Amino acid sequence: MQEFSVALLGWYHKNKRDLPWRKTKNPYKIWLSEIILQQTRVDQGLKYYLSFLEHFPTLFDLAKASEQEVLKLWQGLGYYSRARNLHFTAKFIVNELDGKFPDNYNELLQLKGVGKYTAAAIASFAYDEAVPAIDGNVYRLFSRLFGIYTPIHTTKAQKEFFKIVSELIHEKEAGYLNQATMELGAIVCRPRNPDCEDCPLAFKCWAFEKNKQHELPVKKAKIQIKHRYFNYFIIEQEEGKILHLREQKDIWRHLYQFPLLERKNPLLEEIENFIVERFGTSHLTLSKINETPIIHKLSHQHLHLTFWKVTTDKIQELPKWHCFVNEDNVSKLPVPKSIESYI
DNA sequence: AATACGGGGCA
DNA sequence: TGCCCAGTATT
């Protein structure tokens with residue numbers, strides 16, 4: 001392992017990308033960057049990181065914000081529970097931990113939204129604790145390096161990799177070593193077409209020697225895609241278009257959308273009942289805005305979106321969880337990508 | 001152990 | 001079109 005760490009650090013200091021969260025030991029900034037980067041590419045997350053720090057320079061600023069503000073800034077990044085947990089945890093640290101950021105792996109692990117990877121990343125980057133931060137890059141790198149065919153999503157693999165990577169991460173340069181393994185995985189030991197010619201570890205890489213890079217890492221079969229059929233109703237009033245807050249335990253929780261009837265090929269009568277029942281209106285006319293449904297793809301669902309224009313008389317009172325969106329507040333209401341595109 | 005949870009980039 | 005990304009929480 002000694003020769004690995006020397007080669008790895010040498011390569012890292014020469015080739016690492018210049019990223020803002022690498023220039024700080026501030027746990028708040030490191031935590032923020034790690035949450036944003038979960039399942040998210042650096043290119044995509046970078047602007048969100050900068051924008052969050054601009055709006056919330058410190059943990060206390062974030063704790064003082066409303067959830068809606070936080071979700072609005074997060075809009076478009078996906079996996080919105082990250083934003084809700086981020087806000088919850090900021091408030092938790094300020095109110096329950098006296099504003100003191102947890103400073104070790106086990107304490108960090110207690111925080112909502114912080115799992116083993118993120119706890120290890122913060123502990124090693126900010127406090128040089130010797131714990132392995134194992135993300136997708138590291139699984140790929142080490143599975144190839146040692147020819148490990150254990151499917152990486154199993155608990156068996158978790159233990160196996162934790163043990164192996166632990167041997168590499170020592171106290172003195174824990175932060176650099178963790179970042180170096182991830183960086184090497186991201187830049188050189190890529191999923192497809194790894195750049196083995198430029199890899200500092202190729203001299204002792206099992207997959208390179210056997211030319212089996214493409215077989216590793218082993219993953220389990222993907223889950224089935226579900227299809228859902230969303231009918232959205234655009235109801236225009238003097239005050240703006242009607243939106244509805246998603247409250248249920250489902251995608252896009254706490255984001256706004258148009259009033260929704262989830263049904264494949266709804267009857268006109270069903271739609272009328274839905275609108276009348278919800279908004280207490282009497283006369284209405286309906287017309288489809290898009291004849292063929294727009295397919296909005298999520299990682300495990302395909303949403304078939306049909307937008308309907310609803311013309312109706314004035315709605316007297318908006319039901320709970322509803323509001324109007326107009327030019328004044330459109331910049332405040334968090335909405336999913338599909339709705340934003342429409343607006 | 002399996003599943004839910006977004007959106008975008010790339011070959 | 002399918003795969004993958006600085007994963008975590010829930011069931």
Side-chain angles (χ1 to χ4, degrees), chain A residues 12 16-17 19-22 29-49 71 74-86 88-89 108-125 132-141 151-158 161 165 175 177-187 189-194 214 216-226 228 246 248-255 257 295-303 334-341:
Chain A
Y12 178 68
K16 66 178 175 187
R17 289 169 291 183
L19 301 170
W21 47 84
R22 286 188 173 151
K29 294 184 183 177
I30 293 174
W31 167 62
L32 174 65
S33 74
E34 289 306 330
I35 301 299
I36 288 176
L37 292 171
Q38 285 167 5
Q39 293 291 283
T40 305
R41 282 195 180 67
V42 167
D43 292 342
Q44 192 190 358
L46 182 56
K47 51 181 180 290
Y48 286 85
Y49 173 78
L71 281 169
W74 198 271
Q75 180 176 305
L77 196 55
Y79 284 166
Y80 296 93
S81 65
R82 291 185 292 172
R84 296 193 305 271
N85 288 335
L86 186 80
F88 176 92
T89 295
L108 287 161
L109 205 47
Q110 307 300 314
L111 303 175
K112 253 191 196 173
V114 175
K116 295 175 85 165
Y117 162 75
T118 304
I122 302 171
S124 65
F125 299 172
I134 307 177
D135 67 348
N137 291 311
V138 180
Y139 276 114
R140 187 169 57 251
L141 177 67
I152 61 172
H153 294 293
T154 60
T155 50
K156 181 159 182 277
Q158 274 192 26
F161 281 78
V165 185
L177 284 164
N178 273 329
Q179 298 201 49
T181 52
M182 291 191 281
E183 189 76 341
L184 188 64
I187 296 184
C189 198
R190 299 177 296 237
R192 284 165 304 204
N193 306 321
H214 60 284
L216 293 165
V218 176
K219 299 198 165 187
K220 287 184 296 182
K222 271 217 343 185
I223 52 167
Q224 190 69 31
I225 299 280
K226 290 191 179 83
R228 298 172 71 179
R246 288 184 71 91
Q248 66 277 47
K249 229 173 175 175
D250 195 356
I251 57 172
W252 301 333
R253 186 144 87 108
H254 294 188
L255 271 63
Q257 62 180 10
I295 301 191
H296 185 83
K297 291 177 181 174
L298 307 181
S299 47
H300 63 299
Q301 299 182 25
H302 284 355
L303 309 179
V335 297
K337 206 71 186 170
S338 53
I339 300 297
E340 185 195 26
S341 314

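Note that this is a predicted model, so its numbers are computed, not measured. Just so it is clear: chains get the letters A, B, ... in the order the sequence lines come, proteins before strands, and each one is counted from 1.
Summarising the geometry, the separation between CZ on A/Arg140 and C1' on C/dC4 is reported as 8 Å, rounded to the nearest angstrom. Atom CZ in A/Arg82 sits roughly 10 Å away from atom C1' in C/dC5 (whole-Å rounding).
Remark: A/Tyr139 is not in phosphate contact with C/dG7, judged by side-chain N or O atoms under 4.0 Å from OP1 or OP2. Under 4.0 angstrom from either OP1 or OP2 of B/dG6 there lies no side-chain N or O belonging to A/Gln39.
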Look for any protein N or O under 3.5 Å of an N or O in nucleotides 8-11 of chain B and output each such pair with its distance, or none.
unit_1: B/dG8; atom_1: N2; unit_2: A/Arg41; atom_2: NH1; d: 2.5
unit_1: B/dG8; atom_1: N2; unit_2: A/Arg41; atom_2: NH2; d: 3.2

Measure all distances between protein nitrogen or oxygen atoms and nitrogen or oxygen atoms of nucleotides 8-11 of chain C, and list the pairs falling under 3.5 Å.
unit_1: C/dT8; atom_1: OP1; unit_2: A/Gly115; atom_2: N; d: 2.8
unit_1: C/dT8; atom_1: OP1; unit_2: A/Gly115; atom_2: O; d: 3.4
unit_1: C/dT8; atom_1: OP1; unit_2: A/Thr118; atom_2: N; d: 3.0
unit_1: C/dT8; atom_1: OP1; unit_2: A/Thr118; atom_2: OG1; d: 2.7
unit_1: C/dT8; atom_1: OP2; unit_2: A/Tyr117; atom_2: N; d: 3.4
unit_1: C/dA9; atom_1: OP1; unit_2: A/Gly113; atom_2: N; d: 2.4
unit_1: C/dT11; atom_1: OP1; unit_2: A/Lys249; atom_2: NZ; d: 2.7

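Under the rule for a side chain to side chain contact (heavy atoms under 4.5 Å, CB included), the partners of A/Leu71 that lie at least two apart in sequence or sit in another chain are A/Glu67, A/Tyr80, A/Ala83, A/Arg84, A/His254, A/Leu255, A/Pro334. Looking at residues two or more places apart in sequence or on another chain, you find no side chain to side chain contact (heavy atoms under 4.5 Å, CB included) involving A/Gln110. Under the salt bridge (Lys or Arg N to Asp or Glu O under 4.0 Å) criterion, A/Arg228 pairs with A/Asp250, A/Glu262, not counting sequence neighbours. For A/Arg192, the salt bridge (Lys or Arg N to Asp or Glu O under 4.0 Å) criterion is met by no residue, not counting sequence neighbours. Contacts of A/Asn85 classified as side chain to side chain donor-acceptor pair (under 3.5 Å), with partners at least two apart in sequence or in another chain: none. Residues satisfying the side chain to side chain donor-acceptor pair (under 3.5 Å) test with A/Gln38, not counting sequence neighbours, are A/Thr118. Remark: A/Thr40 pairs with A/Arg82 by the side chain to side chain donor-acceptor pair (under 3.5 Å) rule, at least two apart or across chains.
Closest approach to the A/Lys226 side chain among B/dT3, C/dA6, B/dG6 is made by B/dT3 (side chain taken as heavy atoms from C-beta onward).
The minimum heavy-atom distance between A/Gln75 and A/Tyr48, with the atom names listed, is O-OH, 2.8 Å.
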